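To start, the structure under review is shown below, and the notes come after it.
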Amino acid sequence: FQAEDGIRDFCLSRGLGDVYKRQDEMKFEEAQICLAWDKINEILYCGQRNGVINIWDRKSDSIIGKLEKDGHTGVVVQMIALPKLQFLVSASYDGSIILWDTCLLYTSDADDDLLCV
């Protein structure tokens with residue numbers, strides 16, 4: 001994975017390493033291909049081979065959702081979290097680049113599915 005700001009911090013880097021070590025335990029559907037870290041909300045986005053992006057909350061140590069509705073159909077190969085703007089940008093081998101609105105993650109009236117814009 002590529003290191004983003006804050007990743008080299010001991011506590012944060014330990015959390016990222018745990019994702020790779022604990023993929024079976026965390027019950028991901030497929031192998032995680034790329035990662036993006038939101039250091040403000042302590043959320044790790046994990047891009048998969050099947051185009052799904054898992055959302056892992058470091059505070060609760062659990063998967064809190066998925067980004068898949070109207071999403072990628074190929075391998076997610078690159079992501080960048082923009083927490084101050086409340087967006088995640090992802091790119092896939094299917095040729096698509098998606099700007100995800102992550103503010104829905106942090107509101108109480110969010111639907112089960114997150115929307116892409």
Side-chain angles (χ1 to χ4, degrees):
F1 65 92
Q2 290 182 321
E4 301 291 339
D5 288 346
I7 295 295
R8 298 191 189 281
D9 179 287
F10 173 75
C11 295
L12 298 180
S13 62
R14 181 179 162 265
L16 291 176
D18 285 349
V19 171
Y20 285 113
K21 292 176 188 172
R22 298 173 47 207
Q23 285 190 54
D24 292 332
E25 178 185 324
M26 296 177 79
K27 299 184 177 33
F28 289 131
E29 293 172 9
E30 294 204 21
Q32 307 307 294
I33 303 301
C34 64
L35 304 172
W37 178 244
D38 172 345
K39 68 180 179 179
I40 293 174
N41 298 297
E42 294 192 36
I43 299 290
L44 181 66
Y45 298 97
C46 308
Q48 297 184 150
R49 242 183 298 198
N50 62 359
V52 173
I53 299 170
N54 285 309
I55 305 164
W56 184 50
D57 179 30
R58 186 176 172 277
K59 295 173 198 168
S60 66
D61 193 25
S62 63
I63 301 295
I64 60 169
K66 295 179 181 182
L67 298 172
E68 59 186 332
K69 183 178 180 179
D70 300 323
H72 298 294
T73 58
V75 178
V76 179
V77 292
Q78 189 64 267
M79 296 184 296
I80 185 166
L82 305 166
K84 290 182 182 178
L85 300 174
Q86 298 182 334
F87 289 114
L88 173 75
V89 180
S90 60
S92 170
Y93 276 146
D94 64 14
S96 65
I97 296 173
I98 298 177
L99 179 65
W100 300 92
D101 181 354
T102 60
C103 69
L104 296 175
L105 286 173
Y106 315 114
T107 60
S108 59
D109 59 345
D111 294 334
D112 289 340
D113 292 303
L114 297 175
L115 304 175
C116 76
V117 291

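Everything numeric in this text was worked out from a predicted model, so none of it was measured.
Looking at every heavy atom in both residues, A81 comes nearest to A36 through N-CB, 4.0 Å. Nearest heavy-atom pair across A91 and I97 is CB-CG1, 4.2 Å.
A donor-acceptor pair under 3.5 Å links the side-chain atoms of T102 to the main chain of Q86, judged by distance alone.
Atom CD1 of I55 is separated from atom CG of D38 by 10.5 Å, given to the nearest 0.5 angstrom. Between the CG atom in L35 and the OH atom in Y45 there is a gap of 12.5 Å [rounded to 0.5 Å]. To the nearest 0.5 angstrom, L88 atom CG is 8.5 Å from W100 atom CH2. Distance CD/E68 to CG/N54: 8.5 Å, rounded to 0.5 Å. Annotation: the span from N50 atom CG to I33 atom CD1 amounts to 9.5 Å, rounded to 0.5 Å. Rounded to the nearest 0.5 angstrom, Q48 CD and L67 CG are separated by 11.0 Å.
Annotation: salt bridge (charged side-chain N to carboxylate O under 4.0 Å, His left out) contacts involving residues 44-54, sequence neighbours excluded, comprise E30-R49.
Taking 4.5 Å as the limit, some side-chain heavy atom of D101 sits within range of a side-chain heavy atom of F87. I80 has its side chain within reach of V89: a pair of non-hydrogen atoms, C-beta onward, lies under 4.5 Å apart.
With sequence neighbours left out, the side chain to side chain donor-acceptor pair (under 3.5 Å) criterion links S96 to H72, D94. When the side-chain contact (heavy atoms from CB on, under 4.5 Å) test is applied to V77, the partners found at least two apart in sequence or on another chain are V75, Y93. With sequence neighbours left out, the side-chain contact (heavy atoms from CB on, under 4.5 Å) criterion links K59 to E42, D57.
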Under the side-chain contact (heavy atoms from CB on, under 4.5 Å) rule, what do D61 and W56 come out as? Steps first, then yes or no, please.
CA-CA 7 Å; D61 193 25; W56 184 50; 3.1 Å; yes
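Hydrophobic clustering, with ILVMFWY side chains joined whenever heavy atoms are under 4.5 angstrom apart, groups I64 together with I53.
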